[in-house]
Amino acid sequence: MKKYNHKKIEAKWQKFWEKNNFYQAKDPAPGVEKVGTEFNSVLAKNPKYYCLIEFPYPSGDGLHVGHVRSYTALDVIARKKRLEGFNVLYPIGWDAFGLPTENYAIKTGRHPVDITKENIKIFKKQIKSLGISFDWSREINTTDPNYYKWTQWIFLQLFKHGLAYKKKMPINWCPQCKIGLANEEVVDGKCERCGAEAEQKELEQWMLKITAYADRLIEDLETVDYLEKIKIQQINWIGRSEGAEIKFKIQNPKSKINSKFKIQNSKFEIKVFTTRPDTIFGATFLVLSPEHELVDKITTDGQKAAVLTYQEKAQNRGEIPRQARDDKEEKTGVFTGAYAINPATGKEIPIWVADYVIMDYGTGAIMAVPAHDERDFAFARKYNLDVIPVLHQYIEFWDKETQLHGIHYGSTKTRRTFTVDDYNKIITDLDLLVVLKEQAYKDLEEGRIFSGEGILFDSGVFSGLYSEKAKLEITNFVKGIETANYHLRDWVFSRQHYWGEPIPMVYCPECHWVPLPEEELPLELPFVKKYEPTNTGESPLAGIEKWVKTKCPKCGGPGRRETDTMPNWAGSSWYYLAYIMRGNSKFEIQNSKFKIQNSKLFKYWLPVDLYNGGMEHTTLHLLYSRFWHKFLYDIGAVPTAEPYQKRVSHGMILAPDGQKMSKSRGNVINPDEIVEEHGADVLRLYEMFIGPYDQTVSWDLNGVRGVRRFLERIFNFENWVEQDEKEVVIAREKTIKQVGEDIDSMRFNTAVSAMMIFVNKIIEAGCTKETFKKFLIILSVFAPHFAEEQWHVLDEDKSIFDEDWPKYDDKLIDKELVEIPIQINGKVRDKLMVDKKISEDEIKKMALASEKAKKYLAGQTLKKFIYVKGRLVSIVIS
RNA sequence: GCCGCCGUGGCGGAACUGGUAGACGCGCACGACUCAAAAUCGUGUGGGAGCAAUUCCAUGUCGGUUCGACCCCGACCGGCGGCACCA
C-alpha cells in the first residue's frame with residue numbers, strides 16, 4: 001500500500017506542466033483572417049474559449065480561500081474546455097495600484113514598487129501551488145509603465161472625444177485616507193475602505209462622462225448573459241426614470257418685487273423634472289434646491305435674509321453628504337416670496353427653497369404635488385401649504401346591481417392593469433369620479449397619501465383618464481418635453497495620491513488643458529521619497545516641482561502637469577484586452593495604433609466568454625469596464641459592443657464560526673496550510689464540494705477530511721475486473737453525463753457528489769481499467785495532480801490532459817427495468833419493477849392486482865388512473 | 001420605503017420540466033481491527049407509534065390549484081443582499 005503523498009505528487013506534476021507549456025493559449029497565426037465565423041488557420045480553427053477571473057490585488061495578506069474558490073471553479077471549466085478541444089485562454093495578472101500598498105509604503109518607508117514586487121512574488125507562489133491552469137506567459141501588471149501607457153492612452157482618447165472633463169465640484173472626501181471618493185465608494189455616508197465619515201470638499205476633479213452611456217449600459221444588458229441579479233442591480237444603479245421637463249413661469253405680484261432684478265411677469269422660467277406630469281393639476285408649490293442659480297434672482301427683498309440664512313445652513317449641513325442623512329429627519333425650507341404659474345391650472349403657486357431637493361439630479365427644482373408624494377406632503381403639512389388631490393387608486397370592480405364601478409383598496413400587487421377599453425369606459429363615468437374624489441379627501445384627512453397610478457379627477461379635460469395614459473397628453477398640454485433622468489453620476493476620476501497612473505495632461509495658461517502627445521506615453525510616475533497625501537487635497541506629486549513644470553505640448557509655453565492620479569478602477573477597466581495584446585506584441589505603442597495592431601487578436605478572442613467576480617463589483621468595476629469597452633467600440637478599437645458575454649459570481653467563504661474571516665478575529669483559514677497538510681487537490685475538491693457556487697458558505701474542517709478520504713479510497717484502487725458489470729457501466733455513463741452537465745452549469749457541488757457516488761460503486765463492484773481511466777479524466781479537472789499521477793500509474797506515458805473529455809451513451813444509461821411507484825390518492829402504496837416500455841393497460845392490470853394496492857382498493861370505486869410513462873402510477877379512488 | 005434573493009434532518013446541502021423528499025458529505029451511535037486510542041472498514045441514522053410487517057406526521061406558517069406541490073398561485077412570518085429625500 002502506497003501512501004498518498006500529495007506533496008511529492010503535486011510538486012512533480014506542477015513542474016512537468018510548466019516545463020511543457022501546457023496552458024499556453026494559442027493566438028491565430030499572422031495573416032489569419034476571419035471568414036464568416038471561421039478562421040482560415042489550422043491553429044486558430046479550434047474554437048476559442050476565454051475565461052477570466054478578476055485579477056487579484058496583491059495585498060500583503062496573501063491569498064485567501066475565497067480566491068481559491070473562484071480560481072478553481074474556472075480552472076475546472078478551462079480544463080474541461082481544453083479536453084473538449086477548445087483553445088482556452090485563462091490568464092492572470094495583478095491589479096497592483098492602490099491604497100493599501102501606498103499606506104504600507106508610508107508606514108515602512110519603503111517604495112511601493114518594491115512592496116508590490118514582493119507581494120506579487122508571494123501571491124504567485126501561492127497560486128502556483130494550487131495547480132490552476134493559468135497561462136502565465138500573459139501575466140500583466142497594472143503598475144508596469146508598459147501597461148499603464150495604454151491606460152493613459154485610453155484616457156487621452158476619452159478626453160479627445162469630450163468624455164473626460166475637469167469640473168470644480170463638491171466631492172466626497174475621506175479625511176482618513178485623504179482621498180476623493182466616487183459615489184460608488186461611499187457606503188452609508190462612510191468611506192468604503194476605512195469607514196471614516198465622508199466629508200464634502202470642493203475640488204477640481206477629472207470626470208468621465210459615463211452618463212453619456214447610461215442608456216446603452218442598460219439596453220445592452222439584453223445582449224449578454226449575466227446573472228439576473230447582476231443585471232437588475234446595474235439597472236437600479238443607473239436608475240433611469242422617465243418623465244417630463246416642464247417650465248413654470250415666474251410671476252411675482254406687484255407688491256413683492258425683487259429690486260435688483262425687477263422681476264415682474266418675468267421672462268424667467270423654472271424648469272422642473274417630474275416623473276408624474278399627470279399630477280400637475282395638484283402641483284401647489286415649487287421647490288428649488290438651495291444651490292439653484294435662480295434662488296438669488298427671484299427671492300423678494302422681504303425674504304432675502306431668511307433665504308440667505310437657510311442657504312448657509314444647508315451648505316454647512318453639506319459637510320455630511322446629504323444622501324447619508326436620516327430619512328426621517330424633518331424637512332426644512334424657506335419661502336422665496338416669489339410665485340410661479342402652474343401651467344395646467346393657471347394658478348399662482350409659491351416657490352420655496354428646501355434641501356430635500358438635490359441640485360445634481362434632474363433640474364434641481366421640482367413641482368410639489370403634496371397629495372401624491374410623501375415628501376411633498378410632509379413639507380406641505382409643516383408649512384401649511386395647499387394639498388389638492390387629483391387622482392385616486394382604482395381597481396376595476398363592477399357592481400351588477402348598481403351598474404357602478406367600485407373602488408378596491410388593496411396592495412399595488414393586486415391592482416389590475418388597464419386595457420384600452422377601460423380608458424373609454426371610465427371617462428364617461430362621472431359618478432365614479434365623485435366616489436374617487438370623496439375617498440381621496442377622506443384618505444388625506446387620515447394622513448394617507450396615494451402615490452400610485454389611478455384615475456384622474458379635477459384635472460380639466462383629463463379628468464377620468466387613467467393616470468399612466470394621461471402622462472404624455474398632459475406633458476404636451478403644458479408644452480413640456482419627455483425626458484429621462486439617471487441616478488448614475490459621472491465618474492469622479494481624480495485621486496490625490498501617489499500610487500496610481502499619472503493623468504497625462506498639461507495645463508497651459510494659454511491653451512487650457514492640453515493632452516500629452518501619444519508618442520510621449522507612458523508618462524511615468526516620478527520616483528519620490530515621500531508619498532504622504534497632503535491635507536490640502538493636492539496630490540503628493542504636486543510637490544515635485546521638477547516634474548510638474550513642463551512645456552505646453554501645444555504652444556510650447558510654460559505649463560504644469562496634472563498632479564492627480566487615476567483611481568484604481570482605471571487599470572482594471574481594460575485588462576482583459578491586455579491579456580490578448582500580450583500574446584504577440586509587448587504593448588509597443590506605434591503611433592497609437594492600438595486598434596490596427598490588435599484588431600485580429602481582438603476579433604479572435606473577444607468577447608470574454610465567461611467572467612467571474614464578486615457581487616461587490618457589480619456597480620463599480622463591472623459597470624466602469626463596460627463603459628470603457630463601449631467607448632473603445634465606438635472609436636473602432638474593439639470589435640464587440642460588450643466586453644463580457646457571461647458574468648457569474650461566487651459566494652463568500654466564511655470562517656467555521658460563520659463570521660467573516662479577519663485577522664483581528666483570528667479565524668482566517670490560510671490556503672497554504674490546507675495545501676501543506678492535505679494537498680492542493682483536496683483543497684480544490686473541497687471548495688467545489690462545499691456548497692452551491694454562488695452561495696455564501698462556512699468553512700468546515702471535517703469536510704476537508706471527508707474529501708481527503710474520498711481521494712485516499714481510490715489512491716490504491718485495485719478492485720479490477722475483466723468486464724464491467726452492467727450496473728457499473730450504467731453508473732459510469734451516468735457519472736460522465738452528470739459531471740459534464742454540472743460543470744457546464746457551474747453546479748460543482750453536485751458534480752463532486754456524482755463522482756463520490758461512482759467511487760462508492762466501483763469500490764463495491766470493481767471495474768475495468770478502461771472505465772477507471774474515463775473516471776480519471778473527469779476527476780482530472782478537479783484534482784489534476786492526483787489524476788495525472790494515477791494516469792501514469794496505469795502505464796500511460798502521455799499526459800492525461802492530452803486526452804479527450806469522455807463521451808457517454810444515453811442508450812447505456814436507459815435501464816430496461818424501472819421501479820414504478822404506485823400512488824393511491826397521492827400516497828405511495830407499492831412499487832413495481834416493470835419493463836420500461838410497458839403499456840398503460842398492462843401496468844394498470846399489474847397495479848390493480850398488487851397485493852398492497854388491493855388492500856386500499858377493496859370496496860372503492862376507481863375514479864381515475866394515471867400512468868406517467870416510466871415514472872409512476874397514480875390511482876384515484878373515492 | 002423600493003428592488004431582488006432565500007427558508008428542506010443535528011450540520012453543509014440534494015431533488016431534472018409538478019412525479020418515490022432528504023442524494024453526497026459531515027456529525028453521531030453501534031460493531032470489527034487494537035492492550036488501548038487514532039486511522040481504517042462495516043452497519044444504522046428526519047420525527048412519532050409498534051417486537052415486527054407496518055403506519056401516521058414532516059420541506060417557515062396558513063390557504064388555494066392539481067390525480068399528485070420543496071417546486072405553481074395568494075396572504076403572512078423570519079433571514080440575507082442592493083438602493084435610498086432621485087422628484
Side-chain angles (χ1 to χ4, degrees), chain A residues 187-188 227-237 239-241 243 272-276 279 283 287 289 322-329 331 354-358 360-369 372-376 378-379 410-414 451 485-489 615-616 618-619 686 689-692 694-707 709-710 712-713 738 741 747 749-760 763 819-831 852 855 863-866 868-877:
Chain A
V187 177
D188 285 337
L227 285 181
E228 205 49 38
K229 61 174 172 180
I230 295 177
K231 289 188 183 183
I232 290 166
Q233 221 169 291
Q234 288 210 342
I235 291 168
N236 287 347
W237 182 258
R240 181 188 158 96
S241 50
V272 305
F273 172 72
T274 178
T275 54
R276 297 299 302 270
T279 62
V287 187
S289 157
R322 226 182 272 167
Q323 53 195 304
R325 269 188 244 141
D326 193 345
D327 215 324
K328 283 161 196 122
E329 191 178 314
K331 301 202 172 1
D355 70 353
Y356 79 93
V357 174
I358 304 164
D360 61 351
Y361 184 78
T363 61
I366 62 158
M367 64 174 212
V369 184
H372 303 296
D373 182 284
E374 300 261 4
R375 294 150 302 172
D376 298 345
F379 194 79
S411 73
T412 44
K413 275 180 192 162
T414 57
S451 55
N485 263 296
Y486 303 88
H487 169 202
L488 184 72
R489 303 294 146 86
M615 277 311 286
E616 71 275 16
T618 302
T619 52
Y686 173 65
F689 186 55
I690 190 166
D694 57 352
Q695 206 166 294
T696 301
V697 287
S698 300
W699 194 267
D700 172 20
L701 206 62
N702 286 320
V704 179
R705 289 195 202 106
V707 169
R709 227 170 271 154
F710 162 65
E712 277 177 349
R713 288 171 76 201
Q738 201 195 326
E741 290 175 355
R747 293 190 306 251
N749 53 332
T750 48
V752 175
S753 156
M755 292 190 292
M756 287 172 165
I757 293 169
F758 178 74
V759 163
N760 289 345
I763 282 176
E819 194 187 50
I820 301 285
I822 311 295
Q823 283 185 4
I824 297 173
N825 279 357
K827 288 199 168 130
V828 179
R829 295 303 182 184
D830 198 7
K831 291 165 185 179
K852 284 171 189 166
K855 214 166 87 188
K863 272 176 80 179
K864 211 168 196 177
F865 182 91
I866 296 160
V868 183
K869 200 160 177 267
R871 268 275 148 73
L872 55 49
V873 163
S874 183
I875 300 170
V876 190
I877 53 177

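Per chain, numbering begins at 1; letters A, B, ... match sequence-line order. Values below: all heavy atoms of this structure, side chains included; hydrogens, waters and symmetry mates excluded.
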Enquirer: Go through the structure and list residues passing side-chain contact (heavy atoms from CB on, under 4.5 Å) with A/Ser451, not counting sequence neighbours.
Expert: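 For A/Ser451 there are no side-chain contact (heavy atoms from CB on, under 4.5 Å) partners, ignoring immediate neighbours.
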
Enquirer: Are any protein N/O atoms closer than 3.5 Å to N/O atoms in nucleotides 38-47 of chain B? If there are, list each pair with its distance.
Expert:
from: B/U40; atom 1: OP1; to: A/Arg709; atom 2: NE; distance (Å): 2.9

Enquirer: For A/Gln823, give me all partners under side-chain hydrogen bond (donor to acceptor under 3.5 Å, both in side chains), at least two apart in sequence or on another chain.
Expert: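 So A/Gln823 forms no side-chain hydrogen bond (donor to acceptor under 3.5 Å, both in side chains) with any residue.
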
Enquirer: Quick test: give all pairs of protein nitrogen or oxygen and nucleotides 3-10 of chain B nitrogen or oxygen below 3.5 Å, distance rounded to 0.1 Å.
Expert:
from: B/C3; atom 1: O2'; to: A/Asn236; atom 2: ND2; distance (Å): 3.4

Enquirer: Where do N or O atoms of nucleotides 68-73 of chain B meet protein N or O atoms at under 3.5 Å, pair by pair?
Expert:
none

Enquirer: My understanding is that a pair needs two contacts under 3.5 Å, Watson-Crick or G-U wobble. By that rule, which nucleotide pairs with B/C5?
Expert: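 B/G79 is the nucleotide pairing with B/C5.
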
Enquirer: Under a 3.5 Å limit for both distances, which nucleotide forms a Watson-Crick or G-U wobble pair with B/U54, could you say?
Expert: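 Partner of B/U54: B/A49.
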
Enquirer: side-chain contact (heavy atoms from CB on, under 4.5 Å) with A/Arg829: which residues, sequence neighbours excluded?
Expert: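 In terms of side-chain contact (heavy atoms from CB on, under 4.5 Å), with neighbours along the sequence ignored, A/Arg829 is linked to A/Ile824, A/Lys827, A/Tyr856.
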
Enquirer: Report the distance from atom CG of A/Leu488 to atom P of B/C83, rounded to the nearest whole Å.
Expert: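 Rounded to the whole Å, the gap is 13 Å.
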
Enquirer: Considering residues at least two apart in sequence or located in another chain, which fulfil the side-chain hydrogen bond (donor to acceptor under 3.5 Å, both in side chains) criterion with A/Tyr361?
Expert: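 Checked A/Tyr361 against side-chain hydrogen bond (donor to acceptor under 3.5 Å, both in side chains); matches are A/Ser241.
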
Enquirer: Could you work out, with salt bridge (Lys or Arg N to Asp or Glu O under 4.0 Å) as the rule, every residue matching A/Arg871, not counting sequence neighbours?
Expert: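 A/Arg871: no salt bridge (Lys or Arg N to Asp or Glu O under 4.0 Å) contacts found.
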
Enquirer: Using only side-chain N and O atoms of A/Asn749, determine if any of them is under 4.0 Å from OP1 or OP2 of B/G13.
Expert: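 Indeed not, no polar side-chain atom of A/Asn749 lies that close.
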
Enquirer: Please list, chain by chain and in numerical order, all residues satisfying side-chain contact (heavy atoms from CB on, under 4.5 Å) with A/Ile235, sequence neighbours excluded.
Expert: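 Testing A/Ile235 for side-chain contact (heavy atoms from CB on, under 4.5 Å), a comparison that skips the adjacent residues, returns A/Ile218, A/Leu221.
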
Enquirer: Need the pair for B/G18. Rule: Watson-Crick or G-U wobble, both distances under 3.5 Å, any strand; none if unpaired.
Expert: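 Check on B/G18: unpaired, no WC or wobble geometry under 3.5 Å.
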
Enquirer: Is it true that A/Trp237 and A/Tyr486 have ring centroids separated by less than 6.0 Å?
Expert: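 No, ring centres 6.0 Å or more apart.
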
Enquirer: How would you list, by chain and number, every residue that makes a side-chain hydrogen bond (donor to acceptor under 3.5 Å, both in side chains) with A/Asp373, sequence neighbours excluded?
Expert: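 Partners of A/Asp373 under the side-chain hydrogen bond (donor to acceptor under 3.5 Å, both in side chains) test: A/Arg375.
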
Enquirer: May I ask you to say what A/Asp373 touches in the nucleic acid, namely base, sugar-phosphate or nothing, with a heavy-atom cut-off under 4.0 Å?
Expert: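 If one applies the 4.0 Å heavy-atom cut-off, A/Asp373 turns out to touch nothing in the nucleic acid.
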
Enquirer: Using a heavy-atom cut-off of 4.0 Å across all strands, would you classify A/Lys863 as base, sugar-phosphate, or nothing?
Expert: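 Since no nucleic acid heavy atom lies under 4.0 Å of A/Lys863, the category is nothing.
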
Enquirer: Indicate, with a heavy-atom threshold strictly under 4.0 Å, whether A/Gly362 touches base, sugar-phosphate, or nothing.
Expert: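 Touches nothing.
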
Enquirer: Among all residues two or more places apart in sequence or in another chain, which pass the side-chain hydrogen bond (donor to acceptor under 3.5 Å, both in side chains) test with A/Asp830?
Expert: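 Residues passing side-chain hydrogen bond (donor to acceptor under 3.5 Å, both in side chains) with A/Asp830: A/Ser850.
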
Enquirer: In chain order, what residues pass the side-chain contact (heavy atoms from CB on, under 4.5 Å) check against A/Arg709, with sequence neighbours excluded?
Expert: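 A/Arg709 satisfies side-chain contact (heavy atoms from CB on, under 4.5 Å) with A/Arg705 once adjacent residues are dropped.
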
Enquirer: With a 3.5 angstrom cut-off on both distances, give the Watson-Crick or G-U wobble partner of B/G42, or none if there isn't one.
Expert: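 Checking every strand shown, B/G42 finds its partner in B/C30, with both distances under 3.5 Å.
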
